[in-house]
Amino acid sequence: MLPRRQDYGARSGSVINFRTTVSPGSVRRSAAVLPSVLTFLVIVASGGLLLMIEKGMLNSMETPSPRGSQARRLDFIRQAGKHSPDSADVESQILQEIRNRTIKTVCSQKNMPHSIWSLSPLQRKTLLQHILVNDEYHFLYCYVPKVACSNWKRVLKVLSGALENVDVSIKMDHRSDLLFLSSLKPEEIRYRLKHYFKFMFVREPMERLLSAYRNKFGEIQSYQKKYGVEIIKRYRKGHAKDASVTGDDVTFAEFVRYLLDEDAERMNEHWMPVYNLCQPCAVPYDFIGSYENLERDAEFVLERIGAPPYVHFPERQTWYKPVTVETLHYYLCSLPQKLLRELLPKYILDFSLFTYPLPNTTTAHCRH
């Protein structure tokens with residue numbers, strides 16, 4: 001389990017200061033890893049990178065080496081939780097600390113937004129439409145599609161009394177019985193942002209992207225008709241005027257080409273970068289959970305907001321098809337490297353802010 005609420009120190013800016021309760025030996029081992037990882041992340045979070053992103057300069061550059069010593073050490077931290085409960089606590093605390101320090105470093109740059117009111121009208125509209133409100137338990141949740149948001153919405157509906165329990169077998173209605181921050185007045189928004197517990201969940205960017213691709217173009221007919229037909233006609237030779245196109249056989253490479261031509265701020269929410277959806281520089285989130293540690297992080301959030309004991313986070317549905325390491329490896333290694341190099345800048349803030357290493361698609365790695 002994560003530390004209880006009282007184990008967390010005071011919050012400064014967007015950093016949560018931890019007072020760990022684990023053994024000194026575990027802390028010493030993990031502390032040895034922390035400085036080098038932080039050094040790497042501070043470099044990634046520098047203003048120079050932000051300027052390059054803003055000017056589109058990364059589009060003409062080679063993808064940075066995905067598996068240097070720093071990335072291996074970060075992987076070591078992520079793997080630590082598999083060995084013992086104490087290691088899992090340390091892993092979660094260190095990752096949360098790294099993530100918050102990185103966000104603080106990036107968001108301190110002059111060209112970054114420092115409140116929701118400094119966002120453009122389009123950015124603010126997107127953000128407020130993705131923050132859900134619970135006034136009884138005083139929390140705000142920024143939902144990110146393909147990061148267990150349907151299950152979180154079930155939890156919110158149970159807390160509001162709209163659902164009897166999270167395991168009720170119904171098709172999720174993503175709008176009804178939910179209160180969005182966008183429906184409130186400016187003074188009501190300000191109050192809740194200042195006083196409520198704010199959280200969000202993130203996922204490895206390419207894994208989330210692949211999950212959206214497989215789900216929307218492999219299973220959802222409305223997406224095949226709306227997006228699939230357009231993608232095939234635009235990017236598949238000889239199909240520009242083909243009336244028989246159904247959009248149900250979009251390739252991953254075609255999908256990536258479509259993403260490259262899209263404005264990140266106007267993308268469909270299922271593949272819009274998490275940064276654009278939840279604006280972690282404009283909103284000082286109190287907790288950022290990981291899809292990779294979903295059960296443990298969800299348990300912490302439920303305890304932190306004071307949810308009743310009978311409210312638990314739902315288990316994954318039996319029909320759910322997870323994106324495995326092998327599946328992601330196959331799809332990324334099958335992509336032309338030029339496409340991947342051009343794609344990464346669109347999601348570079350998701351990689352750097354939320355401490356995910358860039359994907360390894362070197363020839364040697366892809367042979368395995």
Enquirer: How about Tyr227 and Trp271: are their ring centres within less than 6.0 Å of each other?
Expert: yes

Enquirer: Do the side chains of Lys346 and Asp263 get close enough for a salt bridge, i.e. N-O under 4.0 angstrom?
Expert: no

Enquirer: Does CD in Glu164 sit with more than 12 non-hydrogen atoms of other residues, nucleotides or ligands closer than 6.0 Å?
Expert: no

Enquirer: Answer yes or no for Lys198 and Phe139: cation-pi contact, defined as NZ/CZ to six-membered ring centre under 6.0 Å and angle to ring axis within 45°.
Expert: no

Enquirer: Please examine the side chains of Val301 and Trp152, heavy atoms only from C-beta on, and report whether any two atoms are closer than 4.5 Å.
Expert: yes

Enquirer: Are Phe252 and Tyr331 near enough that their ring centres are under 6.0 Å apart?
Expert: yes

Enquirer: Without swapping roles, check the side chain of Ser334 against the backbone of Tyr330 for a donor-acceptor pair under 3.5 Å.
Expert: yes

Enquirer: Find the distance between CE (Met200) and CD (Gln279) and round it off to the nearest 0.5 Å.
Expert: 10.0 Å

Enquirer: With no hydrogens and no angle check, is any side-chain donor or acceptor of Lys146 less than 3.5 Å from a backbone partner on Asn215?
Expert: no

Enquirer: CD of Glu262: more than 12 outside heavy atoms within 6.0 angstrom?
Expert: yes

Enquirer: Do the side chains of Leu132 and Phe180 get nearer than 4.5 Å, heavy atoms only?
Expert: yes

Enquirer: Which atom names give the shortest non-hydrogen contact between Asn360 and His365, and what distance separates them?
Expert: O-CD2, 2.9 Å

Enquirer: Please say yes or no: joined through hydrophobic side-chain contacts below 4.5 Å, possibly via intermediate residues, are Leu128 and Leu122 part of one cluster?
Expert: no

Enquirer: Shared ILVMFWY cluster between Leu332 and Val325, side chains joined below 4.5 angstrom?
Expert: no

Enquirer: Could you check whether Arg236 pairs with Glu254 (Lys NZ or Arg NE/NH1/NH2 to Asp/Glu carboxylate O, under 4.0 Å)?
Expert: yes

Enquirer: Does any part of the side chain of Glu188, heavy atoms only, come nearer than 4.5 Å to the side chain of Lys185, both counted from C-beta?
Expert: yes

Enquirer: How far does CZ of Arg367 sit from OG1 of Thr362, to the nearest 0.5 angstrom?
Expert: 9.0 Å

Enquirer: Show the nearest heavy-atom pair for residues Pro145 and His270, with the distance to one decimal.
Expert: CB-CD2, 3.5 Å

Enquirer: Before you tell me yes or no, could you show the steps for Ile189 and Ile131 under side-chain contact (heavy atoms from CB on, under 4.5 Å), namely the whole-Å CA-CA distance, both residues' side-chain angles and the distance that decides it to 0.1 Å?
Expert: CA-CA 10 Å; Ile189 293 173; Ile131 294 183; over 6 Å; no

Enquirer: If you compare all heavy atoms of Tyr275 against all heavy atoms of Pro113, which two are closest, and at what distance to 0.1 Å?
Expert: OH-CD, 3.7 Å

Enquirer: side-chain hydrogen bond (donor to acceptor under 3.5 Å, both in side chains) between Arg99 and Ser290: does it pass, once the steps are laid out?
Expert: CA-CA 11 Å; Arg99 187 170 286 153; Ser290 298; 3.0 Å; yes

Enquirer: Applying side-chain contact (heavy atoms from CB on, under 4.5 Å) to Val144 and Val202, what does each step give before you reach the verdict?
Expert: CA-CA 7 Å; Val144 177; Val202 298; 5.9 Å; no

Enquirer: Could you report the tightest heavy-atom contact between Val155 and Pro314, atom names first, then the distance?
Expert: CG2-CD, 3.9 Å

Enquirer: Would you say Leu156 and Val133 make side-chain contact, with heavy atoms under 4.5 Å?
Expert: no

Enquirer: Tell me, do Leu277 and Leu127 make a side-chain contact under 4.5 Å, heavy atoms counted?
Expert: no

Enquirer: Ignoring hydrogens and angles, state whether a donor on the side chain of Asp248 or Tyr223 is under 3.5 Å from an acceptor on the partner side chain.
Expert: no

Enquirer: Drop me the distance from Cys278's SG to Tyr141's OH, to the nearest 0.5 angstrom.
Expert: 8.0 Å

Enquirer: Check for a donor-acceptor pair, side chain of His329 on one end and backbone N or O of Thr324 on the other, with a separation under 3.5 Å.
Expert: no

Enquirer: Give the ring-plane orientation class for Tyr191 versus His195, where under 30° counts as parallel, over 60° as perpendicular and anything between as tilted.
Expert: tilted

Enquirer: With a 4.5 Å cut-off on side-chain heavy atoms, are Arg304 and Phe199 touching?
Expert: no

Enquirer: Between His312 and Val166, is there a side-chain heavy-atom distance shorter than 4.5 Å?
Expert: yes

Enquirer: Is it the case that the ring center of Tyr291 lies less than 6.0 angstrom away from the ring center of Phe201?
Expert: no

Enquirer: Within the side chain of Arg124, is there an N or O that forms a donor-acceptor pair under 3.5 Å with the backbone of Leu119?
Expert: yes

Enquirer: I'd like to know if the side chain of Glu292 pairs up with that of Tyr356 as donor and acceptor (distance under 3.5 Å, no hydrogens or angles considered).
Expert: yes

Enquirer: Evaluate Asp261 against Arg257 for side-chain contact (heavy atoms from CB on, under 4.5 Å), listing each step before the verdict.
Expert: CA-CA 7 Å; Asp261 289 338; Arg257 287 189 174 95; 5.7 Å; no

Enquirer: Atom CZ in Phe197, atom CD1 in Ile305: separation rounded to 0.5 Å?
Expert: 8.0 Å

Enquirer: Between the side chains of Glu342 and Lys338, is the shortest nitrogen-to-carboxylate-oxygen separation below 4.0 Å, so that they form an ion pair?
Expert: yes

Enquirer: Salt-bridged, Arg192 to Asp135, with N to O below 4.0 Å?
Expert: yes

Enquirer: List the atom of Ile103, the atom of Pro280, and the distance in Å for their closest heavy-atom pair.
Expert: CG2-O, 3.9 Å

Enquirer: For the atom pair CG (Leu181) and SG (Cys142), what is the distance rounded to the nearest 0.5 Å?
Expert: 10.0 Å

Enquirer: Any chance you could lay out the side-chain contact (heavy atoms from CB on, under 4.5 Å) test for Asn134 and His138, step after step, and finish with the verdict?
Expert: CA-CA 6 Å; Asn134 184 287; His138 301 93; over 6 Å; no

Enquirer: How far apart are the closest heavy atoms of Met112 and Cys281, and which atoms are they?
Expert: CE-SG, 3.7 Å

Enquirer: Does any part of the side chain of Ser120, heavy atoms only, come nearer than 4.5 Å to the side chain of Lys125, both counted from C-beta?
Expert: no

Enquirer: Looking only at the side chains, is there a donor atom on one of Tyr143 and Glu269 sitting less than 3.5 Å from an acceptor on the other?
Expert: yes

Enquirer: When you check the side-chain N and O atoms of Thr126 and Glu265, is any donor under 3.5 Å from an acceptor?
Expert: no

Enquirer: Would you please say whether a donor-acceptor pair under 3.5 Å links the side chains of Thr102 and Thr105?
Expert: no

Enquirer: Roughly how far, to the nearest 0.5 Å, is CD of Gln224 from CD1 of Ile231?
Expert: 11.0 Å

Enquirer: Quick test of your reading of the model: are Arg208 and Glu204 salt-bridged, counting only N-O distances below 4.0 Å?
Expert: no

